[in-house]
Each structure stands twice: as structure tokens, then as C-alpha cells.
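Protein chains get the first letters and strands the later ones, always in sequence-line order, with residue 1 at the start of each. Note that these values count all heavy atoms, side chains included, but never hydrogens, waters or copies made by symmetry.
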Amino acid sequence: GDSVTQMEGPVTLSEEAFLTINCTYTATGYPSLFWYVQYPGEGLQLLLKATKADDKGSNKGFEATYRKETTSFHLEKGSVQVSDSAVYFCALRPPNTGNQFYFGTGTSLTVIP
Amino acid sequence: ETGVTQSPTHLIKTRGQQVTLRCSSQSGHNTVSWYQQALGQGPQFIFQYYREEENGRGNFPPRFSGLQFPNYSSELNVNALELDDSALYLCASSLGGPTVSGEQYFGPGTRLTVT
């Protein structure tokens with residue numbers, strides 16, 4: 001079945017460091033791929049998405065490229081800030097299923113000054 | 001435009017009891033999905049409602065049921081609560097349908113504790 005495997009955390013980085021959070025997926029067909037962020041005490045917020053192979057999603061300095069050949073959607077940011085501290089979830093949505101998402105287990109990021 | 005709201009924020013129940021969680025969709029959204037997020041885990045899809053009918057269900061037993069009302073608000077009902085039902089329950093709404101993938105907006109969740 002469809003699933004997402006996400007890099008385990010927690011991850012601790014110094015401010016202005018480079019961030020990579022790995023995400024790979026298993027799916028039939030051509031799913032859409034997403035990164036969501038969850039700040040403490042809040043619900044999930046969409047960070048970025050890509051709906052087809054080779055698409056690059058980007059938002060707030062974060063980027064991820066849909067790589068079908070490696071079934072990956074790694075999240076990157078060139079220079080993290082303290083305010084980026086949160087839990088990040090990779091997710092996929094199979095085609096023609098409305099909003100049935102499959103989420104990874106989440107990666108906790110802490111950025112220290 | 002109001003976002004997705006959920007009530008209550010926190011809830012404590014005893015094993016064997018029944019619980020109802022509520023969700024108010026973002027204005028104009030006609031599709032609602034419910035997710036269970038256990039501590040330290042990612043959200044797991046429970047089911048999706050469109051036009052007051054269940055349309056898509058994850059790997060959850062029948063004691064998890066739902067309703068969607070004409071105003072697109074929604075309820076999640078869980079019967080015969082078990083300890084493993086302790087989790088954050090998230091509601092998400094979108095505009096579209098069972099095969100149309102509109103952007104999904106999540107509520108802040110209801111934290112259910114079963115003792």
C-alpha cells in the first residue's frame with residue numbers, strides 16, 4: 001500500500017545552518033507530495049507541495065523536488081532560523097482520492113541561536 | 001473568513017465510554033476529513049465526508065463513525081473507547097469532492113485521553 005518513510009529526529013541545528021529532512025515514498029500511480037509543519041500546540045499547516053514528477057515546491061525559503069526515479073521528496077532550507085523550530089511531516093495523496101493523505105511519522109527540528 | 005475550528009480542545013474519558021468530537025469547516029468547504037495522531041506519530045486517515053456521506057475510509061474499525069451536516073460541520077463518534085484511542089484528533093476541510101483534490105486546511109485538534 002501507499003506509505004511515506006521519513007527521516008527520524010530529533011534534529012538540532014544552529015541558526016543559519018543548512019537543513020535537509022529526507023522523505024521517500026511508496027505509491028501506485030502518480031501521487032501528489034506535500035510537506036506540512038506543526039508548531040507546538042497548533043494544527044498542521046501546509047508548507048509546500050508538488051503534484052507531478054520534477055516539480056519543485058517552495059515556500060518561506062524551504063524547497064523540495066518531486067523525484068520519481070528515487071521516489072523521494074526531501075525538504076531543504078539553506079539557512080534555518082529559530083522560528084523554524086517545529087515538527088515537519090512529509091505526506092502523499094494518491095490520485096483521485098480527494099483528501100486521503102498518508103503521512104510520515106514527523107521530524108522534530110530545533111534551531112538554537 | 002474563519003478557519004477550521006474543533007471542540008472541545010481537551011477531553012478525558014474512561015475506557016468503554018463513547019465520545020463525540022466536533023468540527024466546523026472553513027467557510028464554503030464541502031469536504032471534511034478526520035485524522036488520528038498518536039503521540040510522536042504522523043496523522044492517520046480515519047475517513048472523509050462529502051455531501052453528508054462517507055467517501056473513503058482508512059484502517060479503522062466501525063466503532064469510529066462520523067456525520068457531516070448540511071452546513072458542512074462534522075462530528076466524529078467513537079464507541080467503546082479503548083486506551084489506544086488516546087490521541088490528537090484532527091479535522092481538515094477542503095473544497096472539492098471525493099476525487100477532486102483541493103487544498104486541505106487543518107484545525108488545531110482535540111486531545112482525547114482515555115483512562
Side-chain angles (χ1 to χ4, degrees), chain A residues 1-11 21 23-27 29-52 55 57 59 73 75 86-109, chain B residues 3-7 9-10 21 23-26 29-51 53-60 68 74 87-111:
Chain A
D2 296 350
S3 65
V4 172
T5 301
Q6 194 174 333
M7 170 179 153
E8 291 191 14
V11 174
I21 301 178
C23 172
T24 57
Y25 68 90
T26 300
Y30 299 90
S32 296
L33 301 175
F34 301 80
W35 278 99
Y36 277 83
V37 59
Q38 188 173 37
Y39 297 101
E42 298 184 16
L44 296 170
Q45 298 177 25
L46 177 64
L47 182 59
L48 53 84
K49 67 179 181 182
T51 57
K52 61 182 187 296
D55 267 2
N59 186 26
F73 193 55
L75 182 68
V87 181
Y88 292 81
F89 293 92
C90 184
L92 73 81
R93 180 177 63 199
N96 302 319
T97 59
N99 277 318
Q100 298 185 35
F101 280 62
Y102 294 85
F103 284 86
T105 55
T107 301
S108 175
L109 170 66
Chain B
V4 180
T5 59
Q6 293 186 244
S7 62
T9 305
H10 296 89
L21 310 182
C23 171
S24 179
S25 300
Q26 184 153 322
H29 285 187
N30 58 6
T31 302
V32 65
S33 302
W34 284 91
Y35 293 82
Q36 180 195 68
Q37 186 179 11
L39 196 62
Q41 300 297 314
Q44 299 291 312
F45 175 75
I46 302 174
F47 44 52
Q48 174 179 259
Y49 275 78
Y50 171 69
R51 290 186 175 178
E53 291 190 2
E54 184 181 299
N55 197 298
R57 188 177 185 94
N59 190 26
F60 282 81
Q68 186 185 29
S74 175
L88 180 68
Y89 287 85
L90 298 168
C91 165
S93 74
S94 62
L95 179 62
T99 59
V100 176
S101 303
E103 184 163 339
Q104 186 163 228
Y105 294 84
F106 283 83
T110 293
R111 174 71 63 187

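For the pair B/Gln37 and A/Gln38, the minimum side-chain heavy-atom distance is below 4.5 Å.
Within 6.0 Å of atom OH in A/Tyr30, 12 or fewer heavy atoms from other residues, nucleotides or ligands are found, so the atom counts as exposed in its surroundings. Summarising the local packing, CZ of B/Arg51 is surrounded by 12 or fewer heavy atoms from other residues, nucleotides or ligands at distances under 6.0 Å. Taking a 6.0 Å sphere around CD of A/Glu42, one finds it holds more than 12 heavy atoms contributed by other residues, nucleotides or ligands.
Between A/Tyr36 and B/Gln104 the shortest heavy-atom distance is OH-O, 3.8 Å.
Of the two parts of A/Leu44, the backbone and the side chain both hold a non-hydrogen atom closer than 4.5 Å to a non-hydrogen atom of chain B. Looking at B/Ile46, neither its backbone nor its side chain comes within 4.5 Å of chain A, counting heavy atoms on both sides. Interface remark: A/Tyr102 contributes no atoms to any contact with chain B (heavy atom separation under 4.5 Å).
Checked against ring pair (Phe, Tyr, Trp, His ring centres under 6.0 Å), B/Tyr35 has the following partners two or more places apart in sequence or in another chain: A/Phe103, B/Phe45, B/Phe106. The ring pair (Phe, Tyr, Trp, His ring centres under 6.0 Å) check on A/Phe89 picks up nothing, with sequence neighbours excluded.
The most heavy-atom pairs under 4.5 Å with chain A, out of B/Gly56, B/Ser33, B/Pro43, come from B/Pro43.
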